[in-house]
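A short write-up of the structure that comes next.
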Amino acid sequence: MTLSLTRKEAAAKIMVGLDKPDAEAALQVASRLEGTGCWVKVGMELFYAAGHEIVRELKKIGFKIFLDLKMHDIPNTVRGGARSIARMGVDMFNVHAAGGSAMMQAAMQGVNDAVEAGEAQSAPLVIAVTQLTSTSRETLNGEIGIAGSVEEAVVRYAVLAKHAGLQGVVASPLEVEAIKAACGEGFLTVTPGIRPAGAALGDQARVTTPREAVDGGTDYLVIGRPIVAEPDPAQALESILKELTES
Ligand SMILES: O=C(O)c1cc(=O)[nH]c(=O)n1[C@@H]1O[C@H](COP(=O)(O)O)[C@@H](O)[C@H]1O
């Protein structure tokens with residue numbers, strides 16, 4: 001089914017991955033995206049270089065922020081990490097489902113700790129990375145040692161994340177239907193592995209176009225290089241929005 005979205009609806013689904021080496025480069029792109037209504041994602045490259053300050057700057061501009069640090073550690077460490085993240089006032093962050101349910105529950109506890117102590121005004125959404133979108137079935141079976149299809153592995157992690165109390169998962173758009181069938185429509189799917197027709201795949205293994213991802217029922221599309229590595233990021237975002245608003 002082809003879903004017809006307004007421009008506002010389409011923009012609110014897009015999370016632009018600000019994968020840039022420093023604050024200056026990130027803010028240069030962000031300034032071009034200001035006012036569009038899209039989210040921004042701050043990942044390891046930018047956060048390890050520019051830390052809390054870049055999060056503050058992006059919030060000041062008015063962006064909703066997905067802090068993508070993919071925590072994966074013992075429960076006590078993740079609980080403390082989640083509390084620190086919640087204090088920063090981001091809207092969403094992620095942990096690895098492979099850390100198991102005690103670790104994921106600890107992330108939720110860390111968020112509650114911050115809210116109850118009055119350190120965070122509201123609780124960020126917490127989502128779990130299932131299988132990285134760069135992972136193919138060959139890698140899953142042959143290197144990581146998990147048998148079966150990628151979809152089976154993703155759904156198993158999604159169910160675990162749901163039972164641990166998380167609000168959603170990161171997966172490829174190819175697995176959204178199966179995740180929603182197993183975890184319910186309200187369980188969020190955040191999907192990288194988005195490539196406009198003809199764009200280079202790079203290291204991504206499980207991909208769809210923006211239109212296919214939306215038609216497949218995803219909640220959020222994470223898009224990095226097809227926007228931020230283009231000479232004109234605003235124009236690149238516009239052409240993706242155009243694709244999503246045409247029925
Ligand atoms: O958690 C993520 O955001 C993530 C999970 C995943 O499985 N695959 C994945 O690509 N990502 C992130 O999504 C972004 C995708 O970027 P592009 O491949 O450049 O569009 C990167 O910032 C990745 O770190």
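Whatever order the structure lists ligands and atoms in, that order sets their numbers, starting from 1.
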Residue-ligand contact Gly43/ligand 1, heavy atom below 4.0 Å: no

Shortest protein contact, atom 2 (C) of ligand 1 (heavy atom only): Lys70 NZ, 3.3 Å

Side chain Thr191, main chain Thr218, donor-acceptor under 3.5 Å: no

Proximity to ligand 1 by part of Asp68, non-hydrogen separation under 4.0 Å: side chain

contact_flag Pro192 ligand 1 heavy-atom lt 4.0 Å: yes

For ligand 1, the portion of Met44 having any non-hydrogen atom under 4.0 Å away: neither

Leu140 CG to Gln131 CD distance, which is reported to the nearest 0.5 Å: 5.0 Å

Glu212 side chain vs Thr209 backbone, donor-acceptor pair below 3.5 Å: yes

Per-atom contacts, ligand 1 versus Val222 - under 4.0 Å to a heavy atom: 13 (O), 14 (C)

Student check: side-chain heavy atoms of Glu175 and Val155 closer than 4.5 Å: no

Atoms in ligand 1 with a heavy atom of Asn94 nearer than 4.0 Å: 1 (O)

Close-contact set for ligand 1 against Arg195 heavy atoms, below 4.0 Å: 17 (P), 18 (O), 19 (O), 20 (O)

Flag side-chain contact, heavy atom, 4.5 Å: His163 against Ser101: no

Centroid-centroid under 6.0 Å between Phe63 and Trp39 rings: no

Nearest non-hydrogen protein atom, atom 23 (C) of ligand 1: Lys41 NZ, 4.0 Å

Numbered atoms and elements of ligand 1 in range of Leu132, under 4.0 angstrom, heavy atoms: 6 (C), 7 (O)

For Arg225, atoms of ligand 1 separated by under 4.0 Å from a heavy atom: 17 (P), 18 (O), 19 (O), 20 (O)

Nearest option to atom 7 (O) of ligand 1, as decided by whichever heavy atom of Val170, Asp203, Asp19, Thr133 sits closest: Thr133

Backbone of Leu132 reached by a side-chain donor or acceptor of Arg206 within 3.5 Å: yes

Which segment of Ala171 sits under 4.0 Å of ligand 1 when only heavy atoms are counted: neither

Polar contact flag, side-chain donor to acceptor under 3.5 angstrom, Thr133-Ser172: no

Within 6.0 Å of CD in Glu177, more than 12 heavy atoms from elsewhere: no

Per-residue contact class, Val228 against ligand 1 - non-hydrogen pairs under 4.0 Å: neither

Glu45 heavy atom under 4.0 Å from ligand 1: no

Closest protein heavy atom to atom 20 (O) of ligand 1, given as residue, atom name and distance to 0.1 Å: Gly224 N, 2.8 Å

Donor-acceptor pair between Asp203 and Ser134 side chains, under 3.5 angstrom: no

Pro226 neighbourhood, listing ligand 1 atoms whose heavy-atom distance to it stays under 4.0 Å: 20 (O)

Flag if over 12 foreign heavy atoms under 6.0 Å of CD, Gln28: no

Protein contact to atom 15 (C) of ligand 1 [nearest heavy atom, distance to 0.1 Å]: Gln204 NE2, 3.7 Å

